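No experiment lies behind these values; they were computed from the predicted model shown. Per chain, numbering begins at 1; letters A, B, ... match sequence-line order.
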Amino acid sequence: AQSVTQLGSHVSVSEGALVLLRCNYSSSVPPYLFWYVQYPNQGLQLLLKYTSAATLVKGINGFEAEFKKSETSFHLTKPSAHMSDAAEYFCAVSDRGRRALTFGSGTRLQVQP
Amino acid sequence: KAGVTQTPRYLIKTRGQQVTLSCSPISGHRSVSWYQQTPGQGLQFLFEYFSETQRNKGNFPGRFSGRQFSNSRSEMNVSTLELGDSALYLCASSLVDRGRDEAFFGQGTRLTVV
């Protein structure tokens, strides 16, 4: 079974600092990988996805992620944090045959002024 | 175009009752998935429907069921509610049912069981 591990349930950065949210997956074959963001009392919004095209994926709001097969990682980064980035971020994986997403436990990002 | 619409947004039910949640996918989307989100268990996959057929099912008891109509709208039913069923229930729609397709989420239905 697939699984996703997000290291750090809470991450705090200063406004303007680098954002790095970690995601590792376990899968026998490279899966499809996604990063979603959730604001309070809202659903999930897709930031970016990896579907085996480019290993460096650019998403919305200045976020990007790099797929590293050797490390089974798909870490999310943003060069400069903004106050509006404060939210919960979820890494998710789906295999090539199913529409079911397996989510990590989430990382709450706090941005300090 | 309109996003995924879930109704109602909030719901309070009593233990032992049953509840039906509704999800209208994005126009043209044929795949609808349901997820349960709780502080303890996080986001868990319930089931997925495509063209009125259940294609995948998560590890939930039979009290949780769903269906999809010919217009792709979907309903989820939970019978004999338990306190532990209190959660945010999220519906997601996709164009088709391939693993690579982006899932668009609704705002969810917050169910509280008392």
Side-chain angles (χ1 to χ4, degrees), chain A residues 1-10 23 25 27-54 57-60 63 65 67 74 87-108, chain B residues 3-7 9-10 21 23-26 29-51 53-60 66 68 74 87-110:
Chain A
Q2 295 178 337
S3 67
V4 177
T5 301
Q6 290 185 241
L7 288 176
S9 58
H10 289 82
C23 172
Y25 68 91
S27 176
S28 56
V29 296
Y32 300 125
L33 293 156
F34 307 81
W35 274 102
Y36 282 89
V37 61
Q38 185 178 37
Y39 297 98
N41 296 316
Q42 298 292 319
L44 302 170
Q45 180 185 13
L46 181 72
L47 286 174
L48 48 80
K49 66 178 181 179
Y50 167 77
T51 57
S52 74
V57 182
K58 293 187 184 299
I60 62 171
F63 285 95
F67 172 73
F74 190 58
E88 189 151 24
Y89 292 79
F90 293 92
C91 182
V93 62
S94 72
D95 67 31
R96 293 169 184 270
R98 303 175 76 234
R99 173 62 270 166
L101 290 167
T102 299
F103 286 90
S105 54
T107 297
R108 187 168 299 278
Chain B
V4 178
T5 303
Q6 291 188 246
T7 56
R9 287 292 312 276
Y10 300 92
L21 312 182
C23 172
S24 293
I26 292 172
H29 284 195
R30 297 167 61 192
S31 170
V32 174
S33 301
W34 289 89
Y35 294 83
Q36 182 196 64
Q37 185 176 25
T38 60
Q41 299 299 317
L43 280 154
Q44 293 186 286
F45 170 75
L46 279 155
F47 30 64
E48 184 228 350
Y49 287 86
F50 180 78
S51 294
T53 302
Q54 187 180 91
R55 301 291 284 264
N56 297 293
K57 190 176 189 308
N59 189 25
F60 278 83
Q68 186 181 34
S74 178
L88 180 67
Y89 289 89
L90 293 165
C91 166
S93 78
S94 302
L95 195 57
V96 289
D97 64 341
R98 296 174 305 189
R100 65 182 295 155
D101 294 321
E102 176 181 350
F104 294 83
F105 283 81
Q107 292 190 303
T109 293
R110 170 87 51 196

*Please flag which part of B:Q37 lies under 4.5 Å from any non-hydrogen atom of chain A: side chain, backbone, both or neither.*
side chain

*Minimum heavy-atom distance between A:L101 and B:F45, given as atom pair plus value*: O-CB, 4.0 Å

*Of the backbone (N, CA, C, O) and the side chain (C-beta and beyond), which part of B:L88 lies under 4.5 Å from a heavy atom of chain A, both, or neither?*
side chain

*Which answer fits B:A103, side chain, backbone, both or neither, if we ask what part of it has an atom under 4.5 Å from a heavy atom of chain A?*
both

*chain B contact via A:Q45 - side chain, backbone, both or neither, heavy atoms under 4.5 Å*: neither

*Indicate yes or no: at least one non-hydrogen side-chain atom of A:Y89 is less than 4.5 angstrom from one of A:F63.*
yes

*Counting only heavy atoms closer than 4.5 Å, note whether B:L90 contacts chain A via side chain, backbone, both or neither.*
side chain

*Checking B:F47 against chain A: side chain, backbone, both or neither under 4.5 Å from a heavy atom?*
neither

*asked:* Once side chain to side chain contact (heavy atoms under 4.5 Å, CB included) is applied, do any residues pair with A:T5, and if so which ones, sequence neighbours excluded?
replied: A:L7

*Does the side chain of B:F60 come within less than 4.5 Å of B:Q36's, by heavy atoms?*
yes

*Reference residue B:T5; test side chain to side chain contact (heavy atoms under 4.5 Å, CB included); the match among B:P25, B:S24, B:S93*: B:S24

